[in-house]
Structures are given as C-alpha cells and as structure tokens.
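Here is the structure we will look at, set down as structure tokens.
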Amino acid sequence: MLDSDVVRQDFPILHQSINGKPLVYLDSAASSQKPLVVIQAMDEYYRAYHANVHRGIYQLSEKATEAYEAARRKVARFINARSWREIIFTRNATEAINLVAYAWGRHNITARDKILVTEMEHHANLVPWQQLAAETGAQLAYIPLDENFCCDMAAYEAMLDAHVKLVAITQMSNVLGTIVPVREFVARAHAVGALVLLDGAQGVPHLPTDVQSLDVDFLAASGHKMLGPTGSGFLYGKRHLLEEMPPFLTGGEMIRRVTWTGAEWNDLPHKFEAGTPAIAEAIGLGVAVDYLSRLGMENVRQHEVNLTRYALEQLSQVEGIRIYGPQQVERRGGAIAFNLDGLHAHDVAAILDREGIAIRAGHHCAMPLHQKLGVVATARASFYVYNEPAEIDRLVEALDMVRRLFER
Amino acid sequence: MLDSDVVRQDFPILHQSINGKPLVYLDSAASSQKPLVVIQAMDEYYRAYHANVHRGIYQLSEKATEAYEAARRKVARFINARSWREIIFTRNATEAINLVAYAWGRHNITARDKILVTEMEHHANLVPWQQLAAETGAQLAYIPLDENFCCDMAAYEAMLDAHVKLVAITQMSNVLGTIVPVREFVARAHAVGALVLLDGAQGVPHLPTDVQSLDVDFLAASGHKMLGPTGSGFLYGKRHLLEEMPPFLTGGEMIRRVTWTGAEWNDLPHKFEAGTPAIAEAIGLGVAVDYLSRLGMENVRQHEVNLTRYALEQLSQVEGIRIYGPQQVERRGGAIAFNLDGLHAHDVAAILDREGIAIRAGHHCAMPLHQKLGVVATARASFYVYNEPAEIDRLVEALDMVRRLFER
Amino acid sequence: MDDLYREIILDHYRNPRNKGTLEDATHTFQDDNPLCGDRIRMDLKVNGTGVIEQVRFDGEGCAISQASASMLTEMVLGKSLEEAKAISKQDILDALGIQLGPVRIKCALLSLKVLKGALYGLSGAIDEEE
Amino acid sequence: MDDLYREIILDHYRNPRNKGTLEDATHTFQDDNPLCGDRIRMDLKVNGTGVIEQVRFDGEGCAISQASASMLTEMVLGKSLEEAKAISKQDILDALGIQLGPVRIKCALLSLKVLKGALYGLSGAIDEEE
Ligand SMILES: Cc1ncc(COP(=O)(O)O)c(C=O)c1O
Ligand SMILES: Cc1ncc(COP(=O)(O)O)c(C=O)c1O
C-alpha cells in the first residue's frame, strides 16, 4: 500500500500555505507536482554534466547521452514496450498525437476513410483528427457515451467497417474519469484492419499500462502529468509502423546523411527527434518513472481508487452538487468533475482558491463533451499519489462554504 | 567589458576536473552551459509554484502563468520584437524552422517557386526546405560561398527573381563562424517579394540582434545555446504573417472554441502553442535572457571577438593545422573549425577529452558544407561568455601533444 | 474571501440591474468568452443628443462577469456616447474593487468589450493589452 | 591518454595490416558511418574448404576505425567462415583493449559490421544492440 504521508514528504511544493491555509493541490490531471528526486536530477544535470547529446566525443556529452538514452529505456520498460526504439520523446502528449496525425495520418488517410474518436476526447485527441479529416476529406465520427458516461460499445461496433482506418481514444477521460476498456476497443478495431491510438495522458500516470497486452498501435503520454518535468512527453509506436512512417520534424540528429539534393533518415527513434532534444526533461521523466515504479503502479491505482471512493461518497453529501462521471470506482479514475447548482464553476474555483484549495474550472479542453453534458464549464478535482482523505474533507467543507456564501 | 573570471563563478559546471584536469568547455555552439540563476529559477519553480498555465483559477497557476508570459516578454524585448505576440516558444530552433516550413511553407509554396539557402546551412535550416521542395515541386537553390567562406553576394543577387518566395539563411555559421550580412540579404529578398527566415541558433546567443532593424520575417533560435535550459527555443514571426498562417500543432491551449465539426483558433501566440507548454523551460530562458542583457550583448560580442582573435593567432601556430572560416574577426563569430593534417577530427577530440578539453568533431550537422570543404569531418572549438584566453592556451598545447602522439 | 466576492459583487450578481433586452435598441452587441462560457449581450438606446437613455444586458456566466455587466449598465446610463467610450478597463476593475488573476480578468472585462463593440459597432474595438 | 590510443592501436593505424583490395575476392562488402565519415571495405577470398585464405581492407577514417579493421583482418585470416561469423563485438573491443564512449564504439565496430556484411552477403546482418 501507498502511504501518502510518506509520499508527501517527497514533494516540496506541497508544504506551503495559500492565504494562510495549507495548500490542497487537486489539479494533478492538469499537471502533477514533482518529487524532489526529479527536481534534483535535473539540477544535478545542469550543474555537473550538461552537454549536447549523441555526437559528442567528450565525457560530459557521453554522460549526458547515456542518461538521456537510459531514460528512454526506463520509459520503454514502464509501459512494457518491446524495444526502446519504440519510444519517441516529445514536449507533451499533444505533440505525440500530432506526430502521428502528420507522419502517419497525412500518408495513410484518404477521402474514403473514417476516423473514430469518443465523445469525451480532450482537444489534443480531437482537433488533430478534425484537421486531418478536413484536409483529406476523410470522415470523423464520434463513438457515443451511454447514460453511465461510458462508451457505448454496441454503437462502437456498429460504426466499425473496413473504411475505419484509425480509432483514437482516451485511456481515461480527464473530465469524467471514465476508464475505457482499451483491449476490447483494440480487438474490434484490429478485426476491421484499423489502428488504435491511445491517448494515455490521463491513463499512463494513474493505471498500470502495458502496451503489449493492450496491443495498441500508438500511445501518447505527458511526462508532466506523471511526476516528470514540463516539456516532457512521449509517443510509443509499434516499431514496424514507425519504421514505415516518414519523419515529421526534420533537421539535425534525425538524419543519417544529407546531400545537396536530399537526406537519408536516422534509425528509430532518432528519425523522429529533430534538433537538440529536451535532455534534462527526459532525464527527469526517467527519474519520475523510477519513482512511480518504486511505488508500484498497482499501489498508485489502489490509492486513487480509495480516494475516489471516499470523494464520491463525501461530495455526494454536498447540497445541490451534480457529479459527472461513472459512480463505480472500478470504471473510473480520480478526476471528478462537478457543478454546484446555479453556480458557475469559476466562482467555485475562485472561492476554493481563497481556502488554499487548487481545483480546475472550465471546459478542461473538452468543449464538445461539455456541450453534450449541457454545461459550459465544470469544476474538477483530481487526485494523485500525494493526496489524502483529509484533503477531500477540506474540499467538501469549502464547497459547503461556497454554497452558504452565494445563498446568503 | 565582460570579465570572464567573474562570469565563470556563475557556472557551477565549469568548476570540475576531467581526468584530473580542469574542464575546458569549448562546445557552446552545440549547447551552452547554464548560470546558477537559470538553474535556480527552474528549481524554485518546481519547488514553489509549478502548475499548468493559462486556465487555472488558483494562485499557483496564476503565478506560473505570469512567469511564463513574463518570459515571453523578455524574449520579445531581447530581440526587439514589436509585440510579445510575435514570440512562439518551441523546443529548439529546429522546431521553430519546421513550424514555418509546415504552417507557412505548405500553404504558400508551389511548384513554380524557389527557395534559397546558403551552402553553409545547418541541417535544421536545410532539410525542412528540401522536404518542402520535394513535396511541392519547388526548387531549392544554394547561395554559394566565396573563397573567404562568406556568401557570394553577387551570386545571390543573380539568383533572385520573382519566383523566389523564401530566403532561409543562417545568421552565423556553426562551422565556419561566418557572420552573414543579414540586412543586405533582407533588402534584396524583399525587393523581389521574397520573405527571409533567419536561423539565429548561432547568431542570437552571440550577436546583438534586433529583428526590427534587420527586418527579417522569421527568426528561429535555440534557448539552450544562449544560457537557457534544454527544451527551450523560440520562433519570432512578423505579426501579420503569423496571423495569416494556419496553426501547426493542434489540441488544447491553441483553440478558442471547438465544436463537433471544427475549431476556431486562439489569438497569437497561443495559436501556435498546442498542449501544455514547456513552462519551466520558458522561465529559465527568460532568466538567461536577463543574464545576457545584464552582461550586455555588445560586451558579449566584444569578448568573443577578443577570444576569437587570440585563438586564430594561436591556433595558426599549430603545425599542420587547417582552419576553415574567415580570418577577419569582424566577419566571424567564435566557432572555429579546423583539422590537423592527416588526422581525423575524432581522434583529435578524443585525445583532447583526455586532457579535459571538450570540443566537437564531426560534420556539425552541415554535411553538404563539409562536402564543399572536401572533408568528412572537422574539429570545432567554440567560445562563450565564460571562456578565457588561458583555455585557448590549453587547447593549443593539447593540439601540439596530439601531433606528437601520432607522429611518434 | 470576502475581498474577492465583496458584498456589492454578490448583490449585483443576485440582483442584476438593467437585466434584459431592448426592443428599440439603437446599439447592440454580443460576445462570449468560450474559455469560461461567459456570454454577455448589451442593448443601448441612444437619443438624438447622443445620450444613453436606456441600457440592458443579458447573459450568463460567473458572478464576476455578470456583476461587472450589471455595474457597467449603471455606469453608462445617462452618459453621452463620448463619455461611455472613455470608460476604461481600470474603471471596471475599480468598480469591482478586487484583485483578479489573468483568467478572471477576462470575465471582468467581457462586458466592457461588449459595450465597446456596441458603441463602435464592431468587434475587437478594444484590443487586448499588448 | 595512452589507455585510449594504446601503442598497438597507433601501430595498426600507422602500419595497417592487409590494406588494399583483392581482385579475386569471393566476398566483398563496404559500408560507412556517415556521422564520422569513416569508410571501410573488406575483400575476402574463401577457398573450397570454406577457409578465409586472403583478406584485405580499404578505407579511411579515424584511428579507431582503421586500427580495428586492420586488427580484424588478422583475426579472420586462416579462419573458417563459421569461425569468422562467430567473431563478436566483444572480441573486437577486447582486441582494442580500451573503453569507448557511444560515438567511438561505432567507429570501432564498423569493420565488424562490414565483415559480417561480406560473410552474409547482405547489409544489416548484425543489428544494433537493442
Ligand atoms: C486526456 C488528455 N489528453 C491529452 C492531454 C494533453 O496533454 P499535454 O498538455 O501534455 O499535451 C491531456 C491533458 O491536458 C489530457 O487530459
Ligand atoms: C546554425 C544552427 N542552426 C540550427 C541549429 C539547431 O538548433 P537546435 O538543435 O536547438 O534545434 C543549430 C545547432 O545545432 C545551429 O548551429
């Protein structure tokens, strides 16, 4: 079991007060905080061995290269990729998805094809496909949600045919918390010859994720949502797919040879990493992955199941609250969207901030989903390894106060 | 004047020994080292106020947003952009150039058009244009170098006609050190209606750079080569050009509104910054820019002129050395490529490393240029604010030793 | 907390002044802030001497956006067109009397943006600060 | 420094063994490392009993790449095809007897890659370590 009291010691940022009240950070779905080991690894890098990687014939550069590539292997092991060559470092999950939309999509999607996404996608896993569809004439279709905020699998099955070339789905909704049955999605997509891109921005930080057992073709994730630094994220792709794809960004590092008239590409994964990489960021992400592995992703998940169960129980006591998302903790993660009857989420978040409680309010980059929910904004509390039940109590108390303030 | 003794105190990495010898870091053209203030600013960010930016209604997020956007304004001022809206943060210079190649190039270049680059471009400012030319059928032509390793301006003029749509040139060669007469390039390009993209990866860190007086249309730069963190770089673009361009990467942050069928884009510069940005990196870059401004870019340049003059004098004494690049320090920066007669640059670099001296050896991501020079590789020493004449003495001594070793 | 949701703001939010629409508006404009879903419409009736005789706002959104719209209608009523055009961001922020972060400031200023849109008859009349 | 450029390496570099080409090679292959510009060609003459009777290398590049090629020719001469195929990366690194960083290791192993290419008659026969 994960002991959040112990874990909290590792996160310097949590030990501060906001308006004289201890900070309660409930916005990890937007970006997680970083343990000291991650911060220190980057600090150490800059103080002791920063240099550009891969081509240096001196010790700083060799050490930097080793650390950078070791981080890639850690990430590969973390999601059980077959090879480190299947991991491409990106700035964030958004860039990872765009890489696929450009380097795979622009070369494989035609006007006859269909792309499926769910109704609860984050803009990062929606707008790139809208753009691809608009450019190629392909059709983008939405797999609907059922009344329990889960994907309607019968509808999905009915939408699948030989024209479907890509199914791009989130592993876990950043609004509803809904966990998607990825294996089922993949089996059915593969049966009609479609590829599956999994948006793991929310899933990878919170759920044990094994790309071989899930059998997804692409997986995008955000390093900064899984205890890693800003500017870090990655794309996993099955090797044969990545091999077949042309490069995306071009320039240094990603070439084998350049002549006056053209270029040959470097081996994977370098083919997709043009220019000086985000070295400190990759190293930091590697340390974050070590940290999560040490906690154990099963423990991380269990901790969040416990918190989410408690939160759902407690929040449902708040007068006039409406919670969006599945009630069963097995089917959901620890991002809980809600509204207080008659109040705008912004007002709720602003008053909570005065109480030292950081939650997010808005459309959470999922405007179509909010349209479906019939609201312009929701408030969202989200949990991670460092959160504890007492913080949920503080949230609930503060929400009661919000109610009282506006009812006065 | 810049006192490198004082400056060196600010760079923790320099105070170490390699193989028992004090480190001499002469590879700043690949990536510069970072002053303590930059390292600490990022550390402080993660320890005290990390949160996702722009949409947060709580204090950590507001503080992070303010710091992130303040960094953008610092960068805008550093290069004298008209507005902070003209600065787009990227991972590196390569991404900045690719952004233009995709979002401007794919929509403005046709088979009838010509793109001009110089013979000394880094792959980052070459391969994206080769790819664009290959995709569109446009012609890519090379502005030749003269015998003094400078651009042949008469040849350039002869190449200009109404079909030229883009002139993509480096501000300073990362191999030859050659400084390009940007204003002249721009005036002539604009006269035929062509835009100019300036690759400032080497220029911006080392030369006072004023985009308004240079009148370039786009400027790409690497944060990590100008005392900033890895994962940082930026694109400057004239506002009306950026306004007209469609977005490049799509997803969260860069939209104003998303519906089931499409999206409206956010204002500049956010339109071009999809997903969670590299926040700590931008903040670090802002501090780096402050640091450089405090030193004064005129002083930085003068310091490097002095070092380069001394280095050219001293190096030319080394037996069997061949230096590639202009002899006049006014026409060049502090990246000095050379070879020792009969020796491979790799061997030179490897032996120097044993002496604690870090230089680079290879094609420096400029293979066509090396083909032109008639060599497969060069050794390169490059200077920055923390280098001093005594280090050049160490380099020269070590080169003499290399000679002796191989002549034995 | 009361420094953020001062009684006057809550009062304008709970009891908005001049809420509704005008059938015979001479100037009208609407805009929204998609980030938050705040929406404001302003209808003005300007008489022959250039004085704002009637004003109504309609909309939905957070307390800050709705309260500031309500306050703004009180500020412009009886003013000349020129006087109304001169209302600045700072005037609104002063009326609200609170410190706002970068996100909330957009909520606070949406009504002014809409007012200016109505007065100038076009959108984007006031640009974001540079 | 002598641990990197041991006398034996410098000797092979200054006085390469079996340098040149074979007119009547039965196996030949060439490859380069564009990162450094190292280039190696290997010509082998294998007799009827499958023994490597003659070997020549040609090329240019850094001392490590050329010395390792020279050493490799000595290692394979007189060996059977099977024995030659069994030569491992570690064998080369042991022969060089030095510690190499990630960039230089490619220089050191280029000749082995070329040898394997010649023996198997195809490129990419030995893959990069995963
Ligand atoms: C489900 C989901 N997908 C994608 C993203 C985008 O992640 P990033 O901002 O790191 O690109 C997010 C996070 O905002 C998310 O929650
Ligand atoms: C002239 C020039 N252009 C572009 C680049 C690419 O910069 P980055 O690796 O930061 O993308 C470099 C540096 O390697 C350079 O020297």
Side-chain angles (χ1 to χ4, degrees), chain A residues 12-13 18 27 30-31 33-34 39 43 46-48 50-52 55-60 91-95 98 122-124 126-128 130-131 222 224 229-231 249-252 255 257-260 262-263 274-276 278-281 346 349-350 353 358 360-362 365 367-368, chain B residues 12-13 18 27 30-31 33-34 39 43 46-48 50-52 55-60 91-95 98 122-124 126-128 130-131 222 224 229-231 249-252 255 257-260 262-263 274-276 278-281 346 349-350 353 358 360-362 365 367-368:
Chain A
I13 199 171
I18 302 284
D27 196 22
S31 195
Q33 298 303 342
K34 325 301 173 199
I39 303 173
D43 191 79
Y46 286 124
R47 283 170 189 262
H50 165 67
N52 215 324
R55 295 152 304 168
I57 310 186
Y58 53 88
Q59 287 171 49
L60 293 187
R91 176 173 38 249
N92 49 30
T94 303
E95 189 191 12
N98 276 272
H122 186 281
H123 296 158
L126 175 52
V127 186
Q130 288 184 338
Q131 289 294 100
S222 294
H224 66 92
T230 58
L249 304 180
T250 60
I255 56 92
R257 193 188 317 264
V258 177
T259 67
W260 300 104
T276 304
I279 307 167
E281 291 71 12
H346 273 195
D353 179 43
R360 199 145 281 247
C365 294
M367 288 186 89
Chain B
I13 200 170
I18 303 283
D27 196 21
S31 195
Q33 298 303 341
K34 325 300 172 200
I39 302 173
D43 192 80
Y46 286 124
R47 284 171 188 262
H50 165 66
N52 215 325
R55 294 153 303 166
I57 310 187
Y58 54 88
Q59 287 171 50
L60 293 187
R91 176 172 40 247
N92 49 31
T94 303
E95 190 191 12
N98 275 272
H122 186 280
H123 295 158
L126 175 52
V127 185
Q130 288 184 337
Q131 289 294 102
S222 294
H224 66 91
T230 59
L249 303 179
T250 60
I255 56 93
R257 194 188 315 265
V258 178
T259 67
W260 300 104
T276 305
I279 307 167
E281 291 70 14
H346 274 195
D353 178 44
R360 198 145 280 246
C365 294
M367 289 186 89

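In what follows, every chain begins at residue 1, and chains take the letters A, B, ... in the order their sequences are listed.
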(request) Answer with side chain, backbone, both or neither: which region of B/Ile279 has an atom nearer than 4.5 Å to a non-hydrogen atom of chain A? (result) both
(request) For residues B/Gly252 and A/His123, report the shortest heavy-atom separation together with the two atoms involved. (result) N-CB, 3.9 Å
(request) Under 4.5 Å, counting heavy-atom pairs only, tell me which of B/Ala93, B/Ala124, B/Ala361, B/Ser222 racks up the most with chain A. (result) B/Ala124
(request) Return the option, out of B/Thr94, B/Val127, B/Thr250, B/Ile255, with the maximum number of heavy-atom pairs under 4.5 Å with chain A. (result) B/Thr250
(message) Does either side chain, that of B/Thr230 or that of A/His50, offer a donor lying less than 3.5 Å from an acceptor on the other one?
(response) no
(message) Looking at chain B, which one of A/Arg47, A/Lys34, A/His224 has the largest number of heavy-atom pairs inside 4.5 Å, strictly under?
(response) A/Arg47
(request) Measure the shortest side-chain to side-chain distance between B/Pro368 and A/Val258 over non-hydrogen atoms and say whether it is less than 4.5 angstrom. (result) yes
(message) Tell me the closest heavy-atom pair linking A/Arg55 and B/Cys365, and the distance in Å.
(response) NH1-SG, 2.6 Å
(message) I'd like to check the ring-ring contact (aromatic ring centres under 6.0 Å, His included) partners of A/His346; sequence neighbours left out, ordered by chain and number.
(response) A/His344
(request) For A/Gln33 and B/Ala51, indicate whether the former's side chain and the latter's backbone hold a donor-acceptor pair under 3.5 Å. (result) no
(request) Taking the side chain as every heavy atom from C-beta outward, state whether A/Arg360 and B/Tyr58 have any atom pair closer than 4.5 Å. (result) yes
(message) Counting only non-hydrogen atoms closer than 4.5 Å, does B/Gln131 touch chain A with its backbone (N, CA, C, O), its side chain (CB onward), both, or neither?
(response) side chain
(message) Given heavy-atom pairs under 4.5 angstrom as the criterion, report whether the side chain, backbone, both or neither of B/Ala48 touches chain A.
(response) backbone
(message) According to side chain to side chain contact (heavy atoms under 4.5 Å, CB included), who are the partners of A/Ala350, at least two apart in sequence or on a separate chain?
(response) B/Ile57, C/Leu4, C/Tyr5, C/Arg104
(request) Among the options B/Met367, B/Arg257, B/His122, B/Glu95, pick out the one with the most heavy-atom pairs lying under 4.5 Å from chain A. (result) B/Met367
(request) Considering non-hydrogen atoms only, spot the tightest contact between B/Asn92 and A/Thr276 and give its length. (result) ND2-O, 2.8 Å
(request) Return yes if some donor-acceptor pair links the side-chain N/O of A/Asn98 with the main-chain N/O of B/Leu249 below 3.5 Å, else return no. (result) no
(message) With heavy-atom distances below 4.5 Å as the criterion, would you say the side chains of B/Pro229 and A/Tyr46 are in contact?
(response) yes
(request) For residues B/Leu60 and A/Ile18, report the shortest heavy-atom separation together with the two atoms involved. (result) CD2-CD1, 4.4 Å
